[in-house]
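Notes follow once the structure below has been shown.
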Amino acid sequence: MLTKVYSAAISGIDAIVVTIETAVQKGIAFSIVGMPDTAVKEAYTRITTALQQSGIGFPHKSTVINLSPADVKKEGAAFDLPMAIGVLAANEKVPVEHLSEYMIMGELSLDGSVLPVKGVLPMAIKAREMGFRRLIVPEANVTEAAVVNKVEVFGVRNLAEAVGVIAGTSDIEPTIINTREIFAAEAENFDFDFSEVKGQDSVKRAFEVACSGGHNILMVGPPGAGKSMMAKRLPSILPPLSLAEALETTKIHSVAGKLHRGSMLMTKRPFRTPHHTVSPVALVGGGTNPMPGEISLAHNGVLFLDEFPEFSRTVLEVLRQPIEDRTITVSRAKYTVDYPASFMLVASMNPCPCGYYGHPTKKCTCQVGAVAKYMNRISGPLLDRIDIQCEIEPVAFDDMANKAPAESSASIRERVIKARAIQNLRFKAEKGIYCNAQMNSRLLHQYAWPDEQGLAKLKDRMTKLNMSARAFDRILRVARTIADLEYAALMTPEEAVTAPVLSRHIAEAIGYRALDRASYGQIF
């Protein structure tokens, strides 16, 4: 007898349907074909033992299992449960009338328990897309899969329960989750708040501008100035995730196996902080079994690189293309996968190896030329992709001793959301452009060109500070965001879309170019 059971495999961050064809006949042989990896080939031992421990017993017949499409490599243990169901169905121990309505996935333990697997959310999305009515997943993954509506999701603890669901003899009910209600309830809860940050008003302003326009930001300051502390609070002032962004972000973390047991939809923007010893593959993704890297795990969120110059030159240089294209294509001899990588880069660094170059009270002990050598660890092309470069001074004692709370993240976030509303309206007809940081030359001339006074000021400052030409576009982008923040409180989004960039906006934007190569020594 020949039966077909449906499951799914992961390719990139999306799923593809895998048809598990099982044929039995007289004999004792067992084989799995269709490009299975070692984990899939080892399923025979897990399936036979699980069937015996479940009181079912493995049929003593020749069994051939084909995983179709045969030219796609099948990896992992998620095919254990559907293959076991296929074997039982082929031996007429499971009814096949409604088997085509199910997509099934799960790893089998030797005692018949169903263990959690990676990538359940993209599999559930694919099941809905392909018209499957029901989904059987491990109980530990049921809340993750139930985020997808219009599909009945059954969470099972063991093989016997899965058989009961298909046979219609189980009392397990589909899991139903009100995605929008949960999303709305949890989206505003943050562990860190800017009200806890004493002083540093100029840096908070830089963060507000960066979040409003989606700009990358680099902080330079001595140890203990609060760089990491403020960076951790950055997600609390970013615009909230839309439902579509939340689904896409959760898919990536599901494929990478980063969701905790019982997790549902990610309601907050991710904040990834890889150590400076991270490898290029860990950062961009790939590997023997391709997995998303840190830049993809930071998609729709923040990638924070602390001690920026301590990262290897090779690691930093691989960031250049993803920052521009907001996607990464990992090409190897045996595969090519695309991962999204639309993240906001936040980096921090000391001004010199000892950390006290330009410090108001402590003396720098670095040798002559050490500061320039330290700064040269960051290449010009990479620095060019960072719109905002701000210096941080040590916190004054009076600010630290002040018990009054600073401005909360909620009030800052409200201004950020209003500024983003203007940009959403401005770029609604532009494909792939969602914020000011993504503006090309055409859009800069259309929306960010300053008035005559502002252009004169820009020319004057670029000449006096000996700024490079690459700073020109960055200043205009940041100035446009500063203007949006000002106009958001004064006019409607429709009016603010084409409101002019003025001299004061240009002046503030110029102040955020602290690390331009020719002017760094003058500013500090």
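The first residue of the sequence shown is numbered 1, and numbering continues consecutively from there.
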Looking at [X] and [Y], what are the two nearest heavy atoms and their distance?
{"X": "A145", "Y": "A124", "result": "O-CB, 3.9 Å"}
{"X": "H215", "Y": "V209", "result": "CD2-O, 3.5 Å"}
{"X": "N440", "Y": "L443", "result": "OD1-N, 2.9 Å"}
{"X": "P292", "Y": "V255", "result": "CD-CG1, 4.1 Å"}
{"X": "Y339", "Y": "G286", "result": "CE1-N, 4.5 Å"}
{"X": "G454", "Y": "I506", "result": "O-CG2, 3.9 Å"}

How long is the gap from [atom1] on [X] to [atom2] on [Y], to the nearest 0.5 Å?
{"X": "K251", "Y": "K126", "atom1": "NZ", "atom2": "NZ", "answer": "9.5 Å"}
{"X": "I510", "Y": "K464", "atom1": "CD1", "atom2": "NZ", "answer": "11.0 Å"}
{"X": "R420", "Y": "N436", "atom1": "CZ", "atom2": "CG", "answer": "8.5 Å"}
{"X": "K373", "Y": "R377", "atom1": "NZ", "atom2": "CZ", "answer": "7.5 Å"}
{"X": "H253", "Y": "H299", "atom1": "NE2", "atom2": "NE2", "answer": "9.5 Å"}
{"X": "R326", "Y": "I433", "atom1": "CZ", "atom2": "CD1", "answer": "10.0 Å"}

Is atom [atom1] of [X] surrounded by more than 12 heavy atoms (other residues, nucleotides or ligands) closer than 6.0 Å?
{"X": "M130", "atom1": "CE", "value": "no"}
{"X": "Y434", "atom1": "OH", "value": "no"}
{"X": "E196", "atom1": "CD", "value": "yes"}
{"X": "K457", "atom1": "NZ", "value": "no"}
{"X": "K198", "atom1": "NZ", "value": "yes"}
{"X": "L490", "atom1": "CG", "value": "yes"}
{"X": "E324", "atom1": "CD", "value": "yes"}
{"X": "R320", "atom1": "CZ", "value": "yes"}

Has [X] got a side-chain atom pairing as donor or acceptor with [Y]'s backbone, closer than 3.5 angstrom?
{"X": "E139", "Y": "R157", "answer": "no"}
{"X": "R269", "Y": "P239", "answer": "yes"}
{"X": "E144", "Y": "T250", "answer": "no"}
{"X": "R233", "Y": "S228", "answer": "no"}
{"X": "E245", "Y": "S242", "answer": "yes"}
{"X": "Q423", "Y": "S212", "answer": "yes"}
{"X": "N216", "Y": "R385", "answer": "yes"}
{"X": "D460", "Y": "A456", "answer": "no"}
{"X": "K418", "Y": "P493", "answer": "no"}
{"X": "R461", "Y": "A507", "answer": "no"}

Quiz item: What's the verdict on side-chain contact (heavy atoms from CB on, under 4.5 Å) for S348 and F304, showing C-alpha distance, side-chain angles and the deciding distance?
Solution: CA-CA 8 Å; S348 68; F304 176 48; 3.7 Å; yes

Side chains of [X] and [Y], heavy atoms from C-beta outward: is any pair under 4.5 Å?
{"X": "T267", "Y": "L241", "result": "no"}
{"X": "L283", "Y": "P274", "result": "yes"}
{"X": "V153", "Y": "V137", "result": "yes"}
{"X": "L305", "Y": "L319", "result": "yes"}
{"X": "C390", "Y": "S202", "result": "no"}
{"X": "S379", "Y": "L316", "result": "no"}
{"X": "K204", "Y": "I237", "result": "no"}
{"X": "E508", "Y": "V478", "result": "no"}

Self-check item: With K118 via side-chain hydrogen bond (donor to acceptor under 3.5 Å, both in side chains) - residues at least two apart
Solution: none

Quiz prompt | Contacts of N149 that satisfy side-chain hydrogen bond (donor to acceptor under 3.5 Å, both in side chains) - sequence neighbours left out | solution = R128

Quiz item: Is the closest side-chain donor-acceptor distance between D193 and S195 under 3.5 Å?
Solution: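 Short answer, yes.
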
Quiz item: Given F192 and S236, is the side-chain contact (heavy atoms from CB on, under 4.5 Å) satisfied, shown in steps?
Solution: CA-CA 7 Å; F192 304 104; S236 66; 5.9 Å; no

Exercise. Measure the acute angle between the ring planes of H445 and W449, then classify it against the limits of 30° and 60° as parallel, tilted or perpendicular.
Key: parallel

Exercise. Show your working on side-chain contact (heavy atoms from CB on, under 4.5 Å) between F207 and F194 and close with a plain yes or no.
Key: CA-CA 11 Å; F207 272 11; F194 268 100; 3.5 Å; yes

Exercise. Please determine if R272 forms a cation-pi arrangement with F343, meaning its NZ or CZ atom is less than 6.0 Å from the six-membered ring centre and no more than 45° off the ring axis.
Key: no

Quiz item: Where do L458 and F472 land on the side-chain contact (heavy atoms from CB on, under 4.5 Å) test, with the steps shown first?
Solution: CA-CA 8 Å; L458 180 56; F472 183 78; 3.3 Å; yes

Exercise. Go through the steps to decide whether R480 and D484 satisfy the test salt bridge (Lys or Arg N to Asp or Glu O under 4.0 Å), and finish with yes or no.
Key: CA-CA 6 Å; R480 178 68 268 176; D484 288 344; 3.2 Å; yes

